[in-house]
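Since the model is a prediction, treat every value here as computed from it, not as a measurement. Count residues from 1 along the sequence. Just so it is clear, the values below take in all heavy atoms, side chains as well, and ignore hydrogens, waters and symmetry mates.
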Amino acid sequence: MRWVTLYARSRQVPASLAAVLVGTLAVWSLARDGGAGSGDPRQPVLVLATGVMAASIGLGGQDLALDRTAAIRWMPRRAAHVLLGATVVGSVLLAVQTMGAPLATTAFVVRDSAGLTGLAALGAAFWGGRYAWSLPFASLSLAFVAPPPASTPMRVVGWMLTPPGTAASTWTAVALAVTGTAAYAVAGPRR
């Protein structure tokens with residue numbers, strides 16, 4: 001077997017991909033059958049957050065001691081894992097949208113998938129792969145209950161639900177993506 005296959009299996013990539021696909025198809029079917037429509041950003045954000053939370057389980061390996069003592073350089077592999085996870089989650093939503101009514105624009109999907117994946121990577125660096133889903137879940141919950149973003153601090157809090165051209169939301173997502181990816185690439189998942 002090649003190392004990529006072993007890496008994918010040890011990080012539970014097939015199961016995570018199945019969960020991403022099932023979650024995306026479920027929300028897409030709900031949106032198709034009388035959901036709020038393409039103007040409501042909550043549905044695509046829910047799809048992206050569900051996908052990122054499913055993919056975040058693979059941010060911790062089966063044996064952290066083995067990961068830390070391996071003779072290969074983990075930093076580029078960890079960064080690639082985070083970036084590939086964001087790409088897959090966003091691509092699945094964009095691919096499903098081609099079958100029916102669009103849920104969100106490409107800029108919206110790219111911004112939110114990058115920011116949410118950065119949050120998951122930050123969660124893995126702080127609490128390990130087992131609890132990496134907690135930061136995206138907390139951010140999603142906060143964005144859903146926060147009042148509509150009228151000021152800059154509220155745009156930062158509700159960055160997931162604002163239109164893609166909003167500067168505060170875009171910079172928040174970029175900061176989360178860069179910080180989370182860098183922290184996870186350098187430190188790896190916590191034990």
query = Could you give all pairs that pass the side-chain hydrogen bond (donor to acceptor under 3.5 Å, both in side chains) test and reach residues 164-173, with sequence neighbours left out?
reply = Thr162-Ser169

inquiry  = Applying side-chain hydrogen bond (donor to acceptor under 3.5 Å, both in side chains) as the test, list every pair that has at least one member in residues 120-135; sequence neighbours left out.
reply    = none

ask   = Given a cutoff of under 4.5 Å between side-chain heavy atoms of I, L, V, M, F, W and Y, with clusters grown through shared members, what are the other residues clustered with Met154?
value = none

ask   = Other hydrophobic cluster members with Leu142, side-chain heavy atoms of Ile/Leu/Val/Met/Phe/Trp/Tyr under 4.5 Å, chained?
value = Val157

Determine all donor-acceptor pairs shorter than 3.5 Å in which one atom belongs to a side chain in residues 112-119; sequence neighbours excluded.
residue	atom	partner	partner atom	Å
Ser113	OG	Val109	O	2.8
Ser113	OG	Val110	O	3.3
Thr117	OG1	Ser113	O	2.6

query = When clusters are formed by joining ILVMFWY residues with side-chain heavy atoms under 4.5 Å apart, either directly or through shared neighbours, do Leu84 and Leu93 land in the same one?
reply = yes

message = Would a single hydrophobic cluster contain both Phe144 and Leu48, if residues Ile, Leu, Val, Met, Phe, Trp and Tyr are joined by side-chain heavy-atom contacts under 4.5 Å?
response = yes

message = Donor-acceptor check, side chain of Ser56 to backbone of Met53, threshold 3.5 angstrom: yes or no?
response = yes

query = Between the side chain of Ser139 and the main-chain N/O of Leu135, is any donor-acceptor distance below 3.5 Å?
reply = no

Shortest non-hydrogen separation from [X] to [Y] and the atoms involved:
| X | Y | result |
| --- | --- | --- |
| Thr50 | Gly23 | CG2-CA, 4.5 Å |
| Pro189 | Arg78 | CD-NE, 4.2 Å |
| Pro41 | Leu161 | CG-O, 3.5 Å |
| Val20 | Ala54 | CG2-CB, 4.2 Å |

How would you list, by chain and number, every residue that makes a side chain to side chain contact (heavy atoms under 4.5 Å, CB included) with [X], sequence neighbours excluded?
| X | value |
| --- | --- |
| Thr98 | none |
| Ala121 | Val82, Tyr184 |
| Ala173 | Arg111, Trp159 |
| Leu21 | Leu17, Val92 |

